[in-house]
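Both backbone and side-chain heavy atoms feed into the values below; hydrogens, waters and symmetry mates do not.
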Amino acid sequence: MTPPAIDRALSDRIKIARVLCIAALIFVHLPPYGAFTPEGVTPRSLAWFVAILLGTSSVPLLSIFSGYLSVSTGSGKGWGRNIARKATTLLVPLLLWNLIDIAKSVALDGTGALPALQDWPTALLALAGKPAVTPLYFLRDVFVCAAIGPLVVWAIGRAPLVALAALALNAVFDWDGLLILNSAILLFFAIGCALALGRLPIPDPAGAAWWATIAGALAVLVVTTFTRAVLPGGGDEESALFSAISLVSRVAGATLYWLLSGLVLRGGGAARIMRIEPAIFFVFCAHPLVIGALWLVAQRLGLDAESWAYLAVFLIAPLVVMAVCLGALAVLVAIAPAVARWLMGGRATFAQMRAMLGFGRPDPSPRLATDES
């Protein structure tokens, strides 16, 4: 089966959705950290609700895009060539950003912050658990999904509903063990493959149906988020019940963000979002480090996580974090453009970065293969 070419409108919509999803993801990684069960209406409970409602539900669409683009852009190039490209676009940034985080920890806390020798493979490449920069396990899981992509495509091509049902059960019960650290990623990657192969329709209702779908997705998100809040002890993240509720929430979230991206594309905000899209992978990788630095400043200023001031800061944090990330990238492009290229996995050309940031030196090296997934 040959997937259809991605037209300009679809490509732009994917880019817009990617920015929206990564901006929302920042909510999930804002401190204070640790287990938390909301009790009543407090600033922190409201922040938790927003983080789960908007942040956690944004990740599945990124996985769907990875599957869709892996099939659409990788068709006919051969498995070996695709995996080599994925190593550049996924594993190299994973390695470099984790090295940066470890170096930062050593600079702040001394050599005692170094991982034990046996922990280095996981700290750098998430081989058996979360890496030094925890959210970047997503890159490792997407690489594994791409590596087994031909098997996924084969199963989708022959029995799409059976394959997706099996992967949904795997997402709930985690049958794949350490193969995929977050088993739901494989399911949504497969959904992306099914969409690219035409085995599932791309949802794009219009008029009253569009509003009904938006309302339905929001209702599901609110109900599932509230359900997670009232589960005993906040819910055991290893339990099948928690996984099933999260899966339903993520399906609703993927639908919501996809429909919202269409609204933005037709509205007046698309141009600004499209301008920063080439840097959004940098934001994804850098935001945990930037959040850590900003949180130190917030603590020095006496910000109380239980105050209404904290909630106000929380709600604007994605914009602040993204602005700091873009500023850091601008400096990096100006003084070390080749380093910026590798940290971004070759996703943005120097022409794109100069257009986005307004300056930058000429490209000193051959262009790396770009990969939107």
**Report entry** Counterpart residues, ring-ring contact (aromatic ring centres under 6.0 Å, His included), relative to F27 (two or more places apart)
**Finding:** F314
Indicate, with yes or no, if [Y] and [X] share a hydrophobic cluster defined by side-chain heavy-atom contacts under 4.5 Å among Ile, Leu, Val, Met, Phe, Trp and Tyr.
| X | Y | answer |
| --- | --- | --- |
| L151 | L186 | no |
| L319 | L326 | no |
| L90 | L178 | yes |
| V248 | L200 | no |
| L296 | L289 | no |

Query raised in the report: With under 30° as parallel and over 60° as perpendicular, where do the rings of F173 and W175 fit, or are they tilted in between?
Result: parallel
Does [X] reach the main-chain N or O of [Y] with its side chain, forming a donor-acceptor pair under 3.5 Å?
| X | Y | answer |
| --- | --- | --- |
| Y257 | L54 | yes |
| R140 | A126 | yes |
| W97 | A286 | no |
| S11 | D7 | no |
| W79 | P150 | no |
| S249 | I245 | no |
| S58 | C21 | yes |
| N170 | D176 | yes |

What's the shortest heavy-atom distance between [X] and [Y], and which atoms?
| X | Y | result |
| --- | --- | --- |
| R228 | F242 | NH2-CZ, 3.2 Å |
| F281 | G345 | CE2-N, 4.2 Å |
| C325 | V283 | CB-CG2, 3.8 Å |
| L62 | F138 | CB-CZ, 3.9 Å |
| L343 | P93 | O-CB, 3.7 Å |
| L221 | A252 | CG-CB, 4.0 Å |

Any side-chain heavy-atom pair from [X] and [Y] closer than 4.5 angstrom?
| X | Y | answer |
| --- | --- | --- |
| N182 | V59 | no |
| L197 | Y68 | no |
| L181 | V144 | no |
| I276 | M322 | yes |
| L124 | P115 | no |
| C145 | V152 | no |
| L247 | L187 | yes |
| R199 | L164 | no |

Query raised in the report: Which other residues end up in the same hydrophobic cluster as L301, if Ile, Leu, Val, Met, Phe, Trp and Tyr are linked when side-chain heavy atoms come under 4.5 Å apart?
Result: V297
Query raised in the report: Please walk me through it: do F284 and I26 pass side-chain contact (heavy atoms from CB on, under 4.5 Å)?
Result: CA-CA 8 Å; F284 172 76; I26 292 173; over 6 Å; no
**Report entry** Partners meeting side chain to side chain donor-acceptor pair (under 3.5 Å) with T225 (sequence neighbours left out)
**Finding:** none
Requested in this report: May I have all residue pairs that pass side-chain hydrogen bond (donor to acceptor under 3.5 Å, both in side chains) and include part of residues 112-136, sequence neighbours excluded?
Outcome: none
Requested in this report: Please list all pairs passing the side-chain hydrogen bond (donor to acceptor under 3.5 Å, both in side chains) test where one or both residues lie in residues 315-336, with sequence neighbours left out.
Outcome: none
Query raised in the report: Run the side-chain contact (heavy atoms from CB on, under 4.5 Å) check on F188 and S66 step by step: do they pass?
Result: CA-CA 9 Å; F188 290 103; S66 295; over 6 Å; no
Report task. Report the C-alpha separation of L256 and L61 in whole Å, then their side-chain angles, then the decisive distance to 0.1 Å, and conclude whether the side-chain contact (heavy atoms from CB on, under 4.5 Å) test is met. Result -> CA-CA 9 Å; L256 177 65; L61 192 55; over 6 Å; no
Query raised in the report: Tell me, which pairs form a salt bridge (charged side-chain N to carboxylate O under 4.0 Å, His left out) where one or both residues lie in residues 201-220, sequence neighbours left out?
Result: R13-D204
Report summary line: Per side-chain contact (heavy atoms from CB on, under 4.5 Å), L139 is matched among L94, L125, V133 by L94
Got a second to check how far [X]'s [atom1] is from [Y]'s [atom2], nearest 0.5 Å?
| X | Y | atom1 | atom2 | answer |
| --- | --- | --- | --- | --- |
| D101 | L96 | CG | CG | 13.0 Å |
| M274 | I16 | CE | CD1 | 6.0 Å |
| L136 | H287 | CG | NE2 | 8.0 Å |
| T89 | N82 | OG1 | CG | 10.0 Å |
| T42 | Y310 | OG1 | OH | 10.5 Å |
| L10 | K15 | CG | NZ | 11.0 Å |

Requested in this report: Flag yes if more than 12 heavy atoms outside W308 fall under 6.0 Å of its CH2 atom; otherwise flag no.
Outcome: yes
Query - Step-by-step side-chain contact (heavy atoms from CB on, under 4.5 Å) determination, Y137 to I185 - result: CA-CA 11 Å; Y137 79 87; I185 289 177; 4.0 Å; yes
